[in-house]
Number of protein chains: 2
Amino acid sequence: MARYFMYLGYDGTNYHGWQIQPNGASVQEELQKALSTLMRRPVEVVGAGRTDAGVHASLMVAHADIDALADAAIWVGKLNRLLPPDIAVYRMRRVADDAHARFDATYRKYQYHVTTSKNPFLRHYAWRVFQPLDFGRMNEAASVLFEYTDFTSFSKLHTDVKTNNCRILYARWEQTGADEWVFTIQADRFLRNMVRAVVGTLVEVGRGKLTIEGFRRVIEAKNRCSAGTSVPGNALFLVDVGYPEHLFLDAEEKASVSSAVNDSHLNS
Amino acid sequence: MARYFMYLGYDGTNYHGWQIQPNGASVQEELQKALSTLMRRPVEVVGAGRTDAGVHASLMVAHADIDALADAAIWVGKLNRLLPPDIAVYRMRRVADDAHARFDATYRKYQYHVTTSKNPFLRHYAWRVFQPLDFGRMNEAASVLFEYTDFTSFSKLHTDVKTNNCRILYARWEQTGADEWVFTIQADRFLRNMVRAVVGTLVEVGRGKLTIEGFRRVIEAKNRCSAGTSVPGNALFLVDVGYPEHLFLDAEEKASVSSAVNDSHLNS
C-alpha cells in the first residue's frame with residue numbers, strides 16, 4: 001500500500017460537482033469507480049476541495065491509497081481508458097503516507113471566464129455579460145481583497161468550517177481575447193461559493209452599482225446577504241493546487257506539469 | 001431588398017453539418033429559421049461551402065437577401081437571441097446584389113486539431129492520437145501539396161464538381177500547446193472531404209507507414225482509394241473565407257473582424 005497524489009482535469013458540464021452524492025454523477029465517484037476496478041477492491045479518493053455543479057477543473061489534485069506502482073505512467077494510461085472522456089488523469093505522484101490532498105494544500109487557484117459577446121465555443125466555459133463592465137474599477141476593488149482576511153460575506157451560510165479567514169495571494173482581471181476577460185484568484189484556502197460571490201460583487205462594481213467604498217463595506221459587514229449574487233458555476237475553473245515539495249517521494253518537478261496542464265484547458 | 005454577407009461561427013457538435021437535410025439538425029436551417037422569423041417571410045441562406053457532420057466553424061460566411069438594414073449591428077443582436085447558443089452571428093455586411101458567398105470566395109482556410117494526450121476540454125474539438133507522430137516529416141509531405149493542383153485522390157467519389165483542381169496557398173503543422181498540434185490549410189477551393197483525407201494521409205507519413213515519395217504517388221494516382229482514411233470531423237474547423245473588397249458596399253475593414261473572430265474560437 002502506498003499513497004499517491006493524482007493530478008487530474010475534468011469538464012464539469014455533465015457533473016453535479018466533485019463530491020459524491022446520492023443522486024447525480026460526480027467526478028469523485030467516477031474516479032473511485034475507475035481506481036477500484038483497477039485495484040480490484042474499493043478505493044477511496046480524497047480531493048483537494050469540492051467543486052460545485054458545472055464547475056470545471058483544469059487541475060484538481062486528489063489522494064488515494066493503492067498498491068505501490070512500478071511505473072505510474074502506465075497506470076495513468078489504464079485509468080484514462082477507464083474514465084469517461086470528460087475526466088483525465090494527467091499524472092500520479094508517490095507521496096508520504098500521511099500526505100493529505102486537502103489539508104496539506106498551501107494554496108488553490110481559480111479562474112472565472114467572462115465573455116462580452118456570443119461565442120458558440122465558450123457557452124459551457126464562460127459567463128456571457130450583456131452590460132459593459134469597467135474592468136479597471138473591478139481591479140481596483142479586487143486589490144481591496146488583500147487588506148482583509150475574514151470573508152464571511154462571501155461564504156455560503158451554515159457551513160461547518162471553524163474559521164472564515166483566507167489569505168488572498170492573487171486577485172486580478174486580465175483580458176485574454178477581443179471580448180474575453182478572466183479573473184484569477186489565488187488564496188491559501190477558499191470558503192464555499194466564495195469565488196462566485198466575489199466575482200458577482202466585483203461585477204456590481206464594474207456596472208457602477210457599487211463603489212469601491214461600498215465593496216469595502218460588503219466585506220466588513222461579514223454578512224453573506226450584503227454581497228452580490230453569485231455568478232454561474234460553468235464559467236469557473238480550478239486551475240492549480242500547491243503543496244510543499246517535501247511531501248513528494250518521487251524526484252520529479254511538479255511545477256512543469258501543472259503549468260503545462262494549465263496551458264491546455266481553454267487556452268489551448 | 002438588399003444582399004448581406006453574414007459572418008458566423010458555430011460549434012458543429014450537435015449538427016449534421018451546414019447543409020439542410022431531411023432528417024437531422026443543420027446550421028443552415030437554424031439560420032434560415034431565425035432570419036425568416038426576423039423578416040416575417042421565408043429567407044434563403046447560401047453558405048460559402050458545406051461543412052460535414054460535427055465539423056465546426058469559427059468563421060463561416062453566408063449570404064441572404066433581406067430588407068435593407070439601417071443598423072446591421074442591432075439585427076446581429078436580434079439574430080443571436082433567436083439562434084441557439086451554439087450558433088452566433090458576428091457581423092452582417094451589405095454587399096453587391098450579385099455578390100455570392102460561395103462563387104465569389106477567393107480562398108477558404110481550415111484548421112485540424114490533434115492532441116497527443118487525453119484532454120477533457122478538447123474531446124469535441126481535437127483528434128486524440130495514440131501513436132507518436134513525426135510532425136517534421138508531416139510538414140515535409142505537406143510542402144509537396146504545393147507542387148500539385150489535381151487532388152482527385154483526396155476527393156469524395158461521385159461528386160458533381162467539374163474540376164478537381166485546387167490551388168494550395170498554405171499547408172503546415174504547428175504546435176499550439178504541450179500536447180497539441182494544428183494543421184492549417186488554405187486553398188482557393190476544397191473538394192468534398194479533402195482536408196480530412198489529406199490529414200489522414202499525412203498522419204500515415206507521421207507514423208512512418210508512408211514515405212514522402214509514397215505521398216507523391218498517392219496524389220499522382222488521382223484515385224481516392226490510394227489515399228489514407230479520412231480523420232474524424234469534430235477536430236476540423238473552417239476558420240476563414242476570403243472575398244474581394246469591391247463586393248462590400250460598406251466602408252469598414254473585413255480583415256480586423258475575421259482575425260478577431262479566429263482568435264476567439266479555441267484559442268480564447
Side-chain angles (χ1 to χ4, degrees), chain A residues 8-15 27 30 56-60 73 76-77 79-91 113-126 128 130 175-182 234 237 256-268, chain B residues 8-15 27 30 56-60 73 76-77 79-91 113-126 128 130 175-182 234 237 256-268:
Chain A
L8 58 141
Y10 51 85
D11 180 326
T13 305
N14 302 320
Y15 296 98
V27 179
E30 292 293 341
H56 314 287
S58 55
L59 186 71
M60 164 65 100
V76 167
L79 263 180
N80 281 329
R81 281 187 286 281
L82 287 168
L83 288 164
D86 51 7
I87 303 177
V89 172
Y90 300 123
R91 190 180 185 199
H113 293 257
V114 164
T115 174
T116 55
S117 70
K118 187 180 186 184
N119 183 327
F121 301 100
L122 296 180
R123 67 195 193 284
H124 299 309
Y125 309 109
R128 169 81 190 277
F130 292 87
Q175 188 160 18
T176 54
D179 300 332
E180 284 124 49
W181 292 78
V182 174
N234 69 350
F237 287 74
S256 58
V257 178
S258 76
S259 66
V261 168
N262 290 345
D263 293 346
S264 76
H265 82 290
L266 277 186
N267 313 321
S268 62
Chain B
L8 59 140
Y10 51 84
D11 181 326
T13 307
N14 302 320
Y15 295 97
V27 178
E30 292 293 340
H56 314 288
S58 53
L59 186 72
M60 163 66 100
V76 167
L79 263 179
N80 281 329
R81 282 186 287 280
L82 287 168
L83 287 163
D86 51 7
I87 303 176
V89 172
Y90 300 124
R91 190 180 183 200
H113 293 257
V114 163
T115 174
T116 55
S117 69
K118 188 180 185 184
N119 184 328
F121 301 100
L122 296 181
R123 67 195 193 284
H124 299 309
Y125 308 108
R128 169 83 191 275
F130 292 88
Q175 188 160 17
T176 55
D179 300 332
E180 282 124 50
W181 291 78
V182 173
N234 69 349
F237 287 74
S256 57
V257 177
S258 75
S259 66
V261 169
N262 291 344
D263 292 346
S264 76
H265 80 290
L266 278 186
N267 314 319
S268 62

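Residue numbers start from 1 in every chain, and the chains themselves are labelled A, B, ... in the order their sequence lines are given, proteins ahead of strands.
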Between G77(B), P85(B), S117(B), the one whose heavy-atom pairs under 4.5 Å with chain A are most numerous: P85(B)
F121(B) and Y125(A) aromatic ring geometry - parallel, tilted or perpendicular at 30°/60° bounds: perpendicular
Closest non-hydrogen atom pair between K118(A) and L83(B), with its separation: NZ-O, 3.2 Å
Residues that N80(A) engages under side-chain hydrogen bond (donor to acceptor under 3.5 Å, both in side chains), provided they are two or more places apart: none
Residue among V182(B), T115(B), I87(B), V89(B) with most heavy-atom pairs under 4.5 Å to chain A: I87(B)
Separation of Y90(B) OH from D179(A) CG (nearest 0.5 Å): 10.0 Å
Atom of G9(B), atom of P120(A) and distance for their closest heavy-atom approach: O-CG, 3.4 Å
Approximate separation, where rounding is to 0.5 Å, of L122(A) CG and D11(B) CG: 10.0 Å
